[in-house]
Amino acid sequence: MDEIKVTLPDGSSQEHPAGVTPLEIAQSIGSRLAKDAVAAKINGEQVDITRPIHEDCDLEIITIDSDEGQEVLRHSTSHLMAQAVEQLYPDAKIAIGPPIEKGFYYDIDVDEPFSDEDLAKIEERMREIAEKDYDVKREEKSIEELIGLFDERNEDYKIEILEQIRDEEGDDSASVYWQGEFVDLCRGPHTPSTGWLKHFNLLNVAGAYWRGDENNQMLQRIYGTSWPSEKELQEHLEHLEEAKARDHRKLGKELDLFSFHKESPAAPFFHPKGAIIYNELVGHIRDLYKEYNYSEVITPQILDLDLWHRSGHYENYKENMYFTSQKGDEKEFAVKPMNCPTHTFIYASQKRSYRDLPLRIADFGRLHRYERTGATGGLTRVRSFAQDDAHIFCTIDQIEEEVVELVEIILNTYELFEFGDVEIEISTRPEKYIGEIETWDRAEDILEAALEHKGYEYNINEGDGAFYGPKIDFIVKDALDRDWQLGTVQLDFMMPERFDLTYTASSGDEERPVMVHRAVLGSLERFIGILLEHTAGELPLWLTPVQFSLLPITDDHHDYAYELKDKFFDAGIRVEVDARNEKVGAKIREAEVQKIPYMGIIGDREVENGTISLRQHTIGDVGALPVSEVLDKLLVKIEEKQMRINTKQEDQTV
RNA sequence: GCCACCAUAGCUCAGCUGGAAGAGCACCUCACUUGUAAUGAGGUGGUCGCGGGUUCGAUUCCUGCUGGUGGCUCCA
């Protein structure tokens with residue numbers, strides 16, 4: 001028998017008879033490795049652990065706890081679920097069932113949607129099948145044979161996929177995986193048997209369109225999670241619970257920040273405390289505007305429909321716009337969904353020279369966009385909102401410098417809030433675009449160059465740009481791991497064209513400026529939602545609605561407390577006195593629950609000595625300090641704009 | 001918009017198969033004058049989201065609508 005040479009990731013190589021399997025090689029290396037080996041990679045391609053090797057190759061063993069191993073595990077769990085569903089509901093047709101981050105799903109066509117009880121039944125059946133420990137066997141066959149196989153089984157969706165593989169990818173064969181009576185079209189790899197699947201849970205059902213197209217049949221999607229160990233499964237379930245606790249909608253209610261009312265669906269009402277956060281954020285951005293030479297403007301809420309025709313919004317965006325009319329007024333108006341057209345008027349209100357550029361115009365104007373009912377939710381997707389919006393009018397040569405500066409501003413700002421996990425994405429020319437391809441290519445190059453010069457990592461989102469230009473988006477995750485776009489930098493060659501914007505170049509020629517749409521926080525509403533979840537409601541001192549709560553122990557201490565309140569208030573600190581007829585323990589509890597960063601306990605000792613007993617949120621008693629020291633400490637901390645750090649180290653800095 | 005689920009006091013939630021709406025917290029009153037995460041007693045408070053239907057009788061069953069939640073689609 002021929003010998004083949006297998007090279008391992010550490011560079012060492014081994015001789016084996018041809019036909020050896022990765023599992024056998026793993027066993028020769030060590031029993032521990034063989035036990036954890038769930039799949040393998042041959043020359044970089046994922047294969048089953050039992051796939052015979054016939055040629056020299058690079059081999060890597062995929063263990064169950066690696067990312068790739070868990071992916072295999074989750075994929076196999078989705079097959080297990082499909083098998084259980086087919087046993088329980090013989091008429092069900094299975095569509096697709098991939099692994100996803102931390103779990104899996106399977107899309108299934110059934111007459112009756114699944115209920116929670118069905119989920120429990122399916123999960124139970126899954127455990128039974130797993131117990132039986134069916135071998136998972138791969139089989140490669142011609143497309144025609146497989147179409148026959150799935151035709152017999154009435155699996156229409158599998159046939160459609162097979163036809164696509166044949167017609168679009170030009171393959172004439174494909175693989176299926178068998179476990180017991182169940183078979184699924186699949187590239188693999190899979191766990192060697194169903195017995196590997198032990199630590200899983202089905203989570204929820206949802207509707208999902210076949211192939212993600214809303215014109216297609218809606219299928220039932222069951223989501224589940226699956227892990228190498230019970231411990232990891234339990235940790236994940238706990239994580240999901242914790243995420244619920246820091247859901248911004250829950251915090252918004254508990255901390256009295258905002259509310260929603262059916263009279264204006266998906267439009268937040270910011271309460272006094274929420275408005276403080278909102279305005280502090282705006283204030284912070286205004287400070288940046290001073291530093292970076294922006295001019296803030298205020299523009300109208302409703303504008304003549306003609307304008308929106310001219311800007312292209314009516315044609316491209318009318319599904320998202322609100323319209324208004326008034327008896328006696330022959331004109332029709334639209335509520336602005338974006339600020340950009342209004343800024344072109346300000347640009348064009350005087351003759352511009354190259355010396356005026358870049359001209360940076362900022363606007364916190366309220367925007368209204370109609371969002372389909374199912375799309376809205378909490379503060380992250382609303383119909384009424386404001387952005388920290390600005391438009392930069394500049395020459396083509398100035399774009400790169402502006403973009404570099406913007407990326408810097410945006411990332412510095414996110415750093416202030418300690419968003420560790422920011423993804424940067426460049427979206428390129430979509431199918432529907434306007435302008436010249438050369439201009440697009442150049443613009444895309446500029447965006448890439450700007451990121452590369454600074455060494456930022458980014459992904460390319462092919463064809464996802466706006467119809468008027470490519471963009472860079474900045475994306476962070478919410479408590480439930482959903483991605484949300486915050487900041488954005490968008491190049492626009494169309495708007496200056498449509499509104500005939502010009503500037504006089506040094507040559508004396510009239511030239512067309514470029515417009516850069518940009519936002520740092522994005523929508524203030526969304527940003528507040530994400531920030532609340534990111535901080536679990538423990539906002540940094542400068543943003544927090546009540547910074548300091550004075551807690552007099554008895555009525556006798558009220559005068560001193562109010563005296564102090566005035567003193568702190570006059571210094572610009574948001575301070576409250578809890579004068580309720582309660583024990584100090586109850587007042588402390590209330591302040592802790594409200595996540596108020598600092599508490600000042602006022603009793604006989606403090607009145608006598610002119611001190612405040614300071615207590616810090618979640619950390620506890622800090623000790624008695626002279627009033628002026630407490631005041632200075634708070635002022636410094638507000639000025640520093642630091643995030644809250646809930647460690648014991650904090651009291652050492654007092 | 002689509003699929004599923006949810007809607008009971010200001011908040012969080014009970015309310016079995018249809019038979020006179022409940023708790024805790026909050027709020028108000030009174031007592032207590034309190035030292036680092038909930039003092040006690042009493043009290044106010046609900047068209048059971050809204051509209052139809054079934055029924056002798058509907059918070060409960062059916063149905064339409066509204067709003068919300070999880071997804072899908074779409075997007076800051």
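Remember, predicted model here, so these are calculated numbers, not experimental data. So you know, we letter chains A, B, ... as the sequences are listed, proteins then strands, and number each from 1.
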Could you tell me whether the phosphate oxygens of [N], OP1 or OP2, come under 4.0 Å of any side-chain nitrogen or oxygen in [X]?
X: Lys587(A); N: rA38(B); result: no
X: Gln220(A); N: rC3(B); result: no
X: Tyr209(A); N: rC74(B); result: no

Quick one: the side chain of [X] and the base of [N], do they pair up donor-acceptor inside 3.5 Å?
X: Glu319(A); N: rG1(B); value: no
X: Thr373(A); N: rG67(B); value: no
X: Gln594(A); N: rA37(B); value: no
X: Arg615(A); N: rA37(B); value: yes

> How many Å lie between CZ on Arg372(A) and P on rC72(B), as a whole number?
Replying inline: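 Atom CZ in Arg372(A) sits about 14 Å away from atom P in rC72(B).
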>> Between Gly212(A) and Glu582(A), which residue's closest nucleotide on RNA chain B lies nearer the 5′ terminus?
In response: Glu582(A)
>> Return whichever of Glu590(A) or Gln490(A) has its heavy-atom-nearest nucleotide of RNA chain B closer to the 5' end.
In response: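 Mapping each residue to its closest nucleotide by heavy atoms, the 5'-most match is Glu590(A).
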Watson-Crick or G-U counterpart of [N], or none if no pair lies under 3.5 Å:
N: rC75(B); answer: none
N: rU12(B); answer: rA23(B)
N: rU29(B); answer: rA41(B)
N: rG18(B); answer: none
N: rC48(B); answer: none
N: rG70(B); answer: rC3(B)

> Under the 5.5 Å and 30° test, is Phe385(A) stacked on the base of rA76(B)?
Replying inline: yes
> side chain to side chain contact (heavy atoms under 4.5 Å, CB included) between Phe260(A) and Leu379(A): does it pass, once the steps are laid out?
Replying inline: CA-CA 10 Å; Phe260(A) 288 89; Leu379(A) 289 178; 4.0 Å; yes
> Rounding to the closest angstrom, what is the interatomic distance between rG49(B) and rA9(B) at atom C1'?
Replying inline: 14 Å
> Under a 4.5 Å cut-off applied to non-hydrogen side-chain atoms, are Leu233(A) and Leu237(A) in contact?
Replying inline: yes
>> Students often get this wrong, so: under 4.0 angstrom with heavy atoms, is Gly207(A) touching a base, only sugar-phosphate, or nothing?
In response: base
> Between His239(A) and His236(A), what is the ring plane arrangement, given parallel below 30°, perpendicular above 60°, and tilted in between?
Replying inline: parallel
> Can you find a side-chain donor-acceptor pair between Tyr89(A) and Asp118(A) that sits under 3.5 Å?
Replying inline: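 Yes.
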